[in-house]
Amino acid sequence: MDNLQTRFSHIKKLILEQEYARFNPPQREAVFNINGPLLILAGAGSGKTTVIVGRIEYMLRYGDSYLSDFIPPGLCEDDISFMCDFHKNRHKNRVTDSAADKISALLAHNRVKPWNILAITFTNKAAGEMKERLEKAVGNAVRDIHAGTFHSICSRILRIDGNLLGYSQKYVIYDREDSLKVIKDSIRELDFNEKLFPPRAVLNEISSAKDKMMDAKAYSQAAGTDIQKCENARIFELYEARLKKSDAMDFDDLILQTVRLFEQFPEVLAKYQDRFKYILVDEYQDTNHTQYKLISLLSRAHSNICVVGDDDQSIYKFRGATIRNILDFENQYKDARVLRLEQNYRSTAIILGAANAVIANNNQRKGKNLWTDKNGGEKIKHIRTRDETEEAEYITAQIQKNAAENGFKYSDNAVLYRMNAQSQNIERSFVRAAIPYRIFGGAKFYSRKEVKDIISYMSVIVNPNDTARFSRIINVPKRGIGPATVQSLFEISQGLGISVLDVIAESASFPALSKKSAVLCKFAGMIKELQGALENTSLPEFFDLLTEKTGYMDYLKKMGEESKPRIENILEIKTVLAKFESENKLGSDHGKTPSLDDYLEEVALYTDVDEYNSGEDCVVLMTIHSVKGLEFPRVFLTGMEEGIFPSIQSSFSLEELEEERRLAYVGITRAKQELHLTAASQRMIFGTTRYCKTSRFVEEIPPDMITLTDMTRTYETPSYSHRISAGRNSFAQPSAVKTETPPPSSRKKAEMLNFSTGDKVEHPVFGTGIIMSASAMANDTMLEINFDKTGIKKIMANFGKLELKN
DNA sequence: ATGGGGCTGCTTTTT
DNA sequence: GCAGCCCCAT
């Protein structure tokens with residue numbers, strides 16, 4: 001400790017450790033290791049985002065100071081004593097900003113430029129939240145950091161360099177609905193039967209092919225002698241061609257084409273490698289193969305790649321995510337450092353214990369043990385209700401009671417469900433009780449017909465090659481241009497290789513179109529007029545012009561009373577446009593006025609969940625998928641029933657069941673203090689009533705962590721007979737039986753109502769099978785049973801001969 | 001080309 | 001339960 005240098009290094013470390021004292025040791029290690037590959041395995045609630053933000057702040061402020069041996073040139077005794085003073089004063093929380101700046105200038109080494117950082121998240125919401133927190137930590141520098149979702153980052157790259165692949169700067173992004181339409185058109189054009197080629201399935205197949213970096217040709221070659229696949233390949237080929245012709249990309253393309261761009265044009269890749277020297281990927285367990293490729297390519301030059309993830313929270317396998325990316329990280333980067341964040345700061349010990357117990361039933365996991373230094377907590381409440389209405393009323397009563405007695409805010413509560421369809425009952429109950437709520441997902445604003453129509457008009461105005469949307473709006477409102485005309489229009493356009501607008505201009509000379517030439521030209525003229533108007537009007541003004549000239553507003557107005565909400569919806573677009581314009585005018589990246597293109601880009605990658613801001617005081621309703629990354633003091637996990645959660649279609653594969661269990665894990669770990677698990681013994685879903693038994697995930701929670709309130713047991717006969725006697729608010733002052741242990745799950749007699757979805761049964765003729773659904777029908781229950789040997793059969797429960805297995 | 005009526009089928013999760 | 005489909009009559 002005698003010379004200046006060693007003292008500097010020593011005090012430097014003390015100061016930096018002090019600066020990041022709020023982090024625990026592995027977290028701090030994550031912050032200080034900014035160079036080289038780093039894998040952070042971050043359990044739920046382990047302060048992941050805080051670490052990411054802290055790490056970026058550290059990079060900007062101190063570079064790689066902590067781990068470097070750097071000594072500032074001209075270091076003197078004064079500097080050291082300044083550092084010592086700073087260290088002491090910091091302790092007493094008395095340092096000025098200027099002193100802090102001076103310190104960081106003194107300690108910093110290889111400071112990272114904000115524009116050299118690329119931070120990728122999965123959802124816009126996560127990106128927004130990260131930016132928000134970064135802004136608090138690093139101020140204006142946040143504007144230069146490239147932060148966004150995979151899709152938004154790629155889309156930006158493709159706007160700039162996509163021309164190399166033959167896309168214009170104004171290419172459109174097709175959402176699933178658009179893609180589906182193109183698939184349907186392609187199937188029709190090939191004269192295929194939609195029943196044999198369900199468009200959804202074909203689209204999924206194409207999507208997963210794209211995830212393997214296959215184009216239609218490659219897919220066709222891989223198809224070999226598989227007839228279905230060969231036919232799929234033809235649809236794929238058409239789909240691909242149509243998208244290209246429309247100057248359109250689907251969601252998969254955004255990633256895939258960026259990877260292609262990088263592979264085919266090394267100089268472009270080099271440009272981005274040089275720009276993105278430090279790469280950070282959040283939710284790495286949810287990345288798919290193309291996303292992995294993208295990251296690999298970008299990080300190849302500098303290897304400053306930090307990925308953060310939790311294999312137990314991987315819930316997007318269904319869209320191609322693979323945990324392999326996490327599991328193989330250490331093989332991919334031999335010098336990778338692996339850090340584990342296992343201390344949970346969010347939940348009570350009980351909630352955490354339950355989550356650990358549930359996830360322990362999975363085999364496919366890296367294995368980790370989340371712990372907390374908190375003790376105890378309230379037991380988890382498991383409520384078994386008669387049906388979904390009672391479930392909703394229970395939740396309503398709980399929230400009301402708590403708001404009244406404990407001064408809880410509405411926004412402290414989250415109601416989660418497996419699928420969007422489940423939200424309706426809860427919503428209805430909330431409306432009746434006047435509980436403010438906000439619902440996410442489901443019928444999304446931008447997927448409403450009228451909204452999509454207006455967006456389609458805008459798309460066509462920006463990019464008239466967008467055939468999917470062109471055909472969507474050409475006859476809305478009615479202009480006398482029917483499907484036959486539209487078809488010949490596109491055929492001619494394709495045949496001659498000229499744009500649709502050009503075909504219209506010449507329409508008089510084509511026999512198939514000549515009769516319609518007048519209306520067609522009128523339409524084209526309108527589009528051109530609006531294109532011209534775009535140049536010199538503000539976006540909200542343009543909106544008015546658009547709704548007027550296209551006749552859309554009149555069309556809605558003429559529909560009378562029922563169209564009122566539709567008019568409100570499209571006027572909402574105007575509001576959004578105005579907001580978009582004013583927000584982006586000042587803060588826009590490049591100081592340019594926001595254009596319609598920019599708005600369309602945002603819309604294309606927008607999801608409802610993005611809108612969530614915790615400012616409003618209302619109960620939050622969303623799917624468990626969308627809630628990832630959020631936390632609430634109190635969480636209601638609803639529909640905890642076999643067949644719902646885990647979903648019926650997952651119950652046949654072990655892999656999918658494990659994914660469902662991870663989903664359960666995500667749901668449970670959202671709760672900070674209170675967790676309610678509700679299950680209805682009968683539920684009306686998709687038009688039929690089903691009888692369900694409690695989800696295995698509830699049974700997997702150790703009995704000493706959970707209390708059961710069984711509202712169905714107050715009455716002698718289970719299920720429908722008690723409908724008459726059931727008091728609507730029986731749970732407000734629970735008269736129901738309270739027990740400390742879950743009910744025995746084994747049943748002796750196979751009475752008719754004891755059959756429920758997911759049960760294994762034996763039939764003397766058909767053998768063993770699994771009950772797919774059970775619906776009440778004329779004093780009996782109709783069971784749909786999937787028999788191992790003979791497939792799905794419908795059988796009445798009372799007809800007898802069925803026996804429950806195990 | 002348009003509008004209505006009746007039918008089927010389909011329901012997980014999302015950028 | 002409902003949306004989207006097809007078919008038919010105008």
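Chain A is the first sequence line, chain B the second, and so forth, proteins listed ahead of strands; every chain is numbered from 1. Values below: every heavy atom of this structure, side chains too, minus hydrogens, waters and symmetry copies. Because the structure is a prediction, the values reported are computed rather than measured.
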Establish, with yes or no, whether the OP1 or OP2 oxygen of [N] is under 4.0 angstrom from a side-chain nitrogen or oxygen of [X].
{"X": "A:Thr623", "N": "B:dT12", "answer": "no"}
{"X": "A:Thr485", "N": "B:dA1", "answer": "yes"}
{"X": "A:Arg200", "N": "B:dT11", "answer": "yes"}
{"X": "A:Asn420", "N": "B:dT13", "answer": "yes"}

Classify [X] by what it touches in the nucleic acid, base, sugar-phosphate, or nothing, heavy-atom distance under 4.0 Å.
{"X": "A:Lys515", "answer": "nothing"}
{"X": "A:Lys184", "answer": "sugar-phosphate"}
{"X": "A:Asp252", "answer": "nothing"}
{"X": "A:Ser650", "answer": "nothing"}
{"X": "A:Ala604", "answer": "nothing"}
{"X": "A:Lys195", "answer": "sugar-phosphate"}

Closest-nucleotide 5' rank along DNA chain B - winner of A:Met419 and A:Phe251: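 Nearer the 5' end of the strand: A:Met419.
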Residue closer to the 5' end of DNA chain B, A:Ile481 versus A:Arg418 (nearest nucleotide): A:Ile481
In plain terms, say whether [X] and [Y] are close enough for a salt bridge, that is, a side-chain N and a carboxylate O under 4.0 Å apart.
{"X": "A:Arg472", "Y": "A:Asp178", "result": "no"}
{"X": "A:Asp597", "Y": "A:Arg159", "result": "no"}
{"X": "A:Arg418", "Y": "A:Glu660", "result": "yes"}

Centroid distance under 5.5 Å and plane angle under 30°, A:Phe150 vs B:dT15: no
The side chain of [X] lies closest to which of these nucleotides: [options]?
{"X": "A:Ala484", "options": "B:dT2, B:dT13, B:dA1", "result": "B:dA1"}
{"X": "A:Arg176", "options": "C:dG1, B:dT14, B:dT12", "result": "B:dT14"}
{"X": "A:Glu656", "options": "C:dG4, B:dT12, B:dT14", "result": "B:dT12"}
{"X": "A:His151", "options": "B:dT14, B:dT15, B:dT11", "result": "B:dT15"}
{"X": "A:Ser647", "options": "B:dT12, B:dT15, B:dT13", "result": "B:dT12"}
{"X": "A:Lys449", "options": "C:dG4, C:dG1, B:dT15", "result": "C:dG4"}

Between A:Glu205 and A:Asn232, a side-chain donor and acceptor under 3.5 Å: no
Starting at [atom1] of [X] and ending at [atom2] of [N], how long is that distance when rounded to a whole Å?
{"X": "A:Leu657", "N": "B:dT12", "atom1": "CG", "atom2": "P", "answer": "16 Å"}
{"X": "A:Gln424", "N": "B:dT11", "atom1": "CD", "atom2": "C1'", "answer": "12 Å"}
{"X": "A:Tyr417", "N": "B:dT13", "atom1": "OH", "atom2": "P", "answer": "10 Å"}
{"X": "A:Lys478", "N": "B:dG4", "atom1": "NZ", "atom2": "C1'", "answer": "12 Å"}
{"X": "A:Arg448", "N": "C:dC2", "atom1": "CZ", "atom2": "P", "answer": "16 Å"}
{"X": "A:Glu177", "N": "C:dA3", "atom1": "CD", "atom2": "C1'", "answer": "12 Å"}
{"X": "A:Asp211", "N": "B:dT14", "atom1": "CG", "atom2": "C1'", "answer": "14 Å"}
{"X": "A:Phe122", "N": "B:dT13", "atom1": "CZ", "atom2": "P", "answer": "17 Å"}

Ring centroid separation A:Tyr552 to A:Tyr555 under 6.0 Å: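 For A:Tyr552 and A:Tyr555, the ring centres are under 6.0 Å apart.
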Atom C1', compared across B:dT13 and C:dG4: separation rounded to whole Å: 22 Å
Pairwise side-chain contact, A:Lys293 with A:Phe262, heavy-atom cut-off 4.5 Å (strictly under):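 The answer is no, as the side chains (C-beta and beyond) never meet within the 4.5 Å cut-off.
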Note, A:Asn325 side chain near A:Gln291 side chain (heavy atom, < 4.5 Å):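 A side-chain contact under 4.5 Å is absent here.
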